[in-house]
Number of protein chains: 2
Amino acid sequence: MNTLSFGLLCILATHNYTGYELMLKIQPFWQAKHSQIYPLLAALVKEGLVLFEDVAQSDKPDKKIYSITEKGLNELKQWMAESSAEPVTRDEMMLKAYCISIVDVDVIQTLFDEQEQMYANRLAKYKNYCELIPKIDGGIAEIDFHSPQFGLYIILKKAIMNAEVNLEWCRWVKSQIKK
Amino acid sequence: MNTLSFGLLCILATHNYTGYELMLKIQPFWQAKHSQIYPLLAALVKEGLVLFEDVAQSDKPDKKIYSITEKGLNELKQWMAESSAEPVTRDEMMLKAYCISIVDVDVIQTLFDEQEQMYANRLAKYKNYCELIPKIDGGIAEIDFHSPQFGLYIILKKAIMNAEVNLEWCRWVKSQIKK
DNA sequence: CTTTACATGTAAGCCGTTACATGATTCT
DNA sequence: AGAATCATGTAACGGCTTACATGTAAAG
């Protein structure tokens with residue numbers, strides 16, 4: 001049982017999904033390709049933590065809809081109560097930033113323009129997600145922590161706060177260069 | 001040539017270091033163990049991008065001091081001008097947050113207390129680093145972007161901004177739970 | 001007519017962590 | 001007496017990415 005396996009259980013704890021849908025759902029929190037997810041789902045089935053139902057489709061390929069078992073939910077709850085490992089970030093830009101003084105101003109400018117654009121895109125994307133959650137209008141309305149929507153609500157809040165502060169950082173760096 | 005190899009070149013572009021020192025220096029930006037770094041350094045030597053000097057020591061083990069070559073600096077500058085890959089973050093806590101509503105309030109409380117403590121520790125650590133850079137007193141003084149210290153300056157600024165906003169997020173989540 | 005979305009799976013290879021191996025000095 | 005720091009290296013294993021493989025339908 002690795003972290004990604006527990007991540008799949010987390011998502012199945014809220015709703016039933018196909019492997020393909022799980023891949024799309026877990027993307028924002030844990031980058032994983034389908035080639036990694038399908039074998040893990042097979043292992044979870046073998047251990048009796050999830051089960052699946054075959055669904056035949058005519059227009060699209062047949063699919064398997066996975067759901068979490070009682071045993072799976074128990075193991076998940078146990079894992080939830082354990083201390084979390086420190087987040088790991090690998091950011092190429094931080095390596096470049098370390099020796100930024102060795103390149104020309106125009107190269108620095110381009111790098112930070114791109115970086116700013118990336119964070120602006122993220123911010124727009126996350127703010128878009130907000131509109132899909134009915135109860136959040138402009139981030140003012142609050143969701144009760146007992147609600148199953150609470151998880152997505154706090155994650156989106158964090159994603160937006162991080163994107164905003166990183167955008168701000170890019171603009172600050174650029175202001176330092178111009179002077 | 002993978003990203004970590006370029007990361008090592010970035011650090012060697014500012015100063016000469018042993019493999020052991022490189023491991024310590026790169027930790028904050030790219031988590032890597034010595035077992036990964038030593039073979040990469042050997043490969044960089046083979047390609048003529050870095051070279052090393054043997055230094056015998058009596059009290060401590062003998063060491064190799066690495067420095068970047070002209071060829072290494074050229075390849076680094078070329079890489080610096082390329083677009084940066086998107087940062088990858090793997091945060092166990094985000095997986096847990098997704099289905100946070102399935103556990104009891106006291107479990108949520110403990111998880112976010114620990115998370116808050118972690119970000120508080122990071123913030124303290126980064127603010128400590130600041131005092132080691134002479135020109136930053138409380139983050140007010142500015143460093144010219146031509147200075148080799150500029151890289152560390154902007155990285156620290158980002159690390160502090162991120163730690164602060166994540167701390168704020170932890171406190172906000174906890175305020176949502178109490179109500 | 002090509003790309004994207006849906007849908008599942010395997011194989012090869014690189015990346016990263018843990019463990020094995022050695023050894024002196026300093027701190028607790 | 002045991003742990004931490006400095007210092008280098010290899011081996012085994014698990015995690016993640018890229019590529020191989022197949023097939024339909026909708027959208028550009």
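Chain letters run A, B, ... following the sequence lines, proteins first and then strands; every chain starts at 1.
Within the structure, every pair that satisfies the side chain to side chain donor-acceptor pair (under 3.5 Å) test and touches residues 92-101 of chain B, not counting sequence neighbours, is listed here: A/Ser84-B/Lys96. The list of salt bridge (Lys or Arg N to Asp or Glu O under 4.0 Å) pairs with a residue in residues 104-115 of chain B, not counting sequence neighbours, reads B/Asp113-B/Lys174. Screening residues 37-90 of chain A for ring pair (Phe, Tyr, Trp, His ring centres under 6.0 Å) gives A/Phe6-A/Trp79, A/His34-A/Tyr38, A/Phe52-A/Tyr66 as the qualifying pairs, with residues at least two apart or on separate chains.
Of the residues in residues 1-25 of chain A, those placing a heavy atom less than 4.0 Å from an atom of DNA chain D are A/Asn2, in numerical order. Listed by residue number, A/Arg90 are the residues of residues 87-98 of chain A with a heavy-atom contact under 4.0 Å to DNA chain C. Residues from residues 27-38 of chain A with heavy atoms under 4.0 angstrom of DNA chain C, sorted by number: A/His34, A/Ser35, A/Tyr38. Near DNA chain C, defined here as any heavy-atom distance below 4.0 Å, the residues from residues 54-66 of chain B are B/Asp59, B/Pro61, listed numerically.
Between the side chain of B/Gln27 and the backbone N or O of B/Met23 there is at least one donor-acceptor pair closer than 3.5 Å. Under the 3.5 Å distance criterion, the side-chain polar atoms of B/Thr18 are left unmatched by any main-chain donor or acceptor of B/Lys64. Put simply, the side chain of A/Lys157 never gets that close to the backbone of B/Val173: no donor and acceptor are under 3.5 Å apart. A donor-acceptor contact shorter than 3.5 Å links the side chain of A/Asp62 to the backbone of A/Gln57. With B/Trp169 contributing its side chain and A/Ile154 its backbone, the two residues share a donor-acceptor pair below 3.5 Å.
Among residues two or more places apart in sequence or in another chain, the side-chain hydrogen bond (donor to acceptor under 3.5 Å, both in side chains) test is passed with B/Asn2 by B/Ser5. Every residue two or more places apart in sequence or in another chain was checked for a salt bridge (charged side-chain N to carboxylate O under 4.0 Å, His left out) with A/Glu168, and none qualifies. Under the ring pair (Phe, Tyr, Trp, His ring centres under 6.0 Å) criterion, A/Tyr119 pairs with no residue at all, not counting sequence neighbours. Partners of A/Leu24 under the side chain to side chain contact (heavy atoms under 4.5 Å, CB included) rule, at least two apart in sequence or in another chain, are A/Tyr20.
Linking ILVMFWY residues whenever their side-chain heavy atoms come closer than 4.5 Å, directly or via other members, places A/Trp172 and B/Ile160 in the same cluster. Taken together through direct or relayed side-chain contacts under 4.5 Å among Ile, Leu, Val, Met, Phe, Trp and Tyr, B/Ile65 and B/Ile68 form parts of separate hydrophobic clusters.
Protein chain B contacts DNA chain C from C/dC15 to C/dT25, reading 5' to 3' and using non-hydrogen atoms of the protein with a distance under 4.0 Å.
With no hydrogens or angles considered, no side-chain donor-acceptor pair links B/Glu70 and B/Asn74 at under 3.5 Å.
Here the C1' atom of nucleotide D/dT17 and the CD atom of B/Glu86 are 16 Å apart, to the nearest Å.
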